[in-house]
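Please read the structure below before turning to the comments.
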Amino acid sequence: MTGILLLVFVLCLGLAVPALAGPRVLRHAAPTLMRVPRLAVALLSGGVVAWVLAALSIAPLLAWVVTGPDILPGDAALVCSQCLAAADPFGLDRVDTGVPVALLLAVPVAVSVYQAFAIAGDLVRRRRRSTRTARVFRDGARPVDLYGHRVLLVGDEHPFALTLPRRHGGIVVSTSAVRMLTPDELRAVLAHEAAHLRQRHHLISAVVTTLTGRLHRIPLFAAVEAALGHYLEIAADDAARREVGTTALAGALLTLGQTGHPGTHRQQLHGALHALGPDRIRHLVEPGRGTAGVAAATASVFCLTALALLAAVVHVPYALAVLTGCI
């Protein structure tokens with residue numbers, strides 16, 4: 001039983017440390033993560049999922065080492081005991097704590113079901129807002145082909161380009177952007193926006209920000225939500241830079257960063273990824289080099305792996321027991 005209690009302690013420590021220290025570690029890891037933005041997106045997304053699964057594994061882990069009064073009817077209690085025994089990979093003696101074991105299993109299930117419905121509701125509301133945004137841009141827009149990309153061309157005096165989810169129209173470009181950008185700069189912007197669609201950034205952003213939004217009081221989740229969009233933009237920048245070149249992309253970002261807001265649609269950008277701003281130009285022109293951030297990035301990967309493995313130690317045996325009928 002000492003081993004189980006040690007595992008519980010390690011699991012709780014593994015949840016507390018990244019929850020509190022995660023923002024600081026992510027800031028120190030930024031120089032390295034900016035060089036591999038798609039890996040950074042996977043690390044942030046996987047970290048959120050691994051932390052939640054690890055948190056939900058604490059009570060089922062304790063159910064292997066404690067016992068208490070039965071609160072279920074006779075047959076149901078027997079089935080519960082059989083499933084618990086089938087899932088337990090340790091087979092250790094249990095300690096009577098007075099806490100019903102069924103409660104330890106029911107609480108994480110109830111929390112998971114509640115959060116699943118809440119997240120589904122958030123995603124539905126997010127999709128509705130995105131649909132309204134798309135409707136605003138589609139009204140009066142005309143579909144055209146620009147350098148091999150199908151885009152919605154919007155009459156607007158402000159130069160801008162953005163990407164809506166593919167089902168809502170995809171790439172949107174203003175007539176002013178087409179007029180002000182050079183051909184190479186326009187190709188770079190279109191390549192950037194196409195990368196958002198190809199790499200499914202809208203889906204990633206929707207799922208991760210919905211999860212983090214419900215747990216934003218935890219410092220780690222607030223930091224992930226703040227950083228995710230930045231790395232998605234850098235990932236799209238990398239794709240555009242490989243296709244068109246750094247100079248064209250930097251020039252386009254500089255132009256769009258000065259006046260690149262949708263004029264009449266400024267407040268209507270729900271669900272859109274916006275190619276805007278000079279803040280990424282420095283990374284394009286002088287990408288980070290050396291070992292800055294490597295230690296923090298390595299620590300982040302190690303922590304994510306450890307949480308995932310600890311969660312798997314608990315959840316996988318329960319899943320196998322259910323799939324095999326608790327035999």
Side-chain angles (χ1 to χ4, degrees), residues 1-33 39-66 68 87-90 92 94-95 97-99 101 103-116 118-119 207-228 230-231 293-319:
M1 191 178 83
T2 303
I4 290 288
L5 294 179
L6 180 61
L7 185 58
V8 172
F9 173 77
V10 171
L11 182 55
C12 292
L13 186 65
L15 290 170
V17 170
L20 298 176
R24 184 185 180 104
V25 174
L26 288 177
R27 284 195 300 271
H28 285 290
T32 292
L33 296 180
L39 178 60
V41 170
L43 177 65
L44 295 177
S45 306
V48 168
V49 174
W51 195 97
V52 171
L53 289 177
L56 290 172
S57 68
I58 294 176
L61 179 59
L62 288 173
W64 288 337
V65 295
V66 303
D88 185 358
F90 302 104
L92 302 174
R94 299 185 181 184
V95 176
T97 62
V99 178
V101 175
L103 195 60
L104 293 175
L105 299 177
V107 168
V109 172
V111 170
S112 299
V113 171
Y114 170 77
Q115 290 295 338
I119 289 171
V207 173
V208 174
T209 56
T210 298
L211 284 171
T212 56
R214 304 196 65 81
L215 297 168
H216 66 277
R217 288 186 176 86
I218 299 175
L220 172 64
F221 286 78
V224 168
E225 186 173 4
L228 179 67
H230 184 62
Y231 288 117
V294 171
T298 303
S300 299
V301 172
F302 175 80
C303 185
L304 167 61
T305 304
L307 283 177
L309 289 175
L310 288 171
V313 166
V314 179
H315 292 298
V316 170
Y318 278 103

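Just so you know, these numbers use all the heavy atoms, side chains as well, and skip hydrogens, waters and symmetry mates.
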Heavy-atom pair of closest approach, residues L56 and P108 | O-CB, 3.7 Å
Check step by step if side-chain contact (heavy atoms from CB on, under 4.5 Å) holds for V224 and L26.
-> CA-CA 8 Å; V224 168; L26 288 177; 4.2 Å; yes
Atom pair CD1 (I218) and CH2 (W51), whose distance is rounded to the nearest 0.5 Å = 3.5 Å
Correct closest heavy-atom pair for F221 and V52 would be CZ-CG2, 4.1 Å
CZ (R24) with more than 12 external heavy atoms under 6.0 Å | no
Could you grab the distance from atom OG of S300 to atom CG of L39, nearest 0.5 Å is fine?
-> 10.0 Å
What's the shortest heavy-atom distance between L304 and A50, and which atoms?
-> CD1-CB, 3.5 Å
Under the side-chain contact (heavy atoms from CB on, under 4.5 Å) criterion, do L215 and V48 qualify, and how do the steps go?
-> CA-CA 10 Å; L215 297 168; V48 168; over 6 Å; no
Nearest heavy-atom contact between A297 and L33 is CB-CD2, 4.2 Å
Can C303 and V17 be said to form a side-chain contact (heavy atoms from CB on, under 4.5 Å), step by step?
-> CA-CA 9 Å; C303 185; V17 170; over 6 Å; no
For P23 and P18, the nearest pair of non-hydrogen atoms, with its separation, is CD-O, 4.3 Å
Roughly how far apart are L61 CG and L310 CG, rounded to 0.5 Å?
-> 9.0 Å
Distance-minimising heavy-atom pair for L211 and I119 = CD2-CD1, 3.2 Å
Report the distance from atom CG of L62 to atom CG of L103, rounding to the nearest 0.5 Å.
-> 12.0 Å
Nearest-0.5 Å distance that lies between atom OH in Y231 and atom OG in S45 | 12.5 Å
Can you measure from CG (L53) to CG (L307) and round to the nearest 0.5 angstrom?
-> 10.0 Å
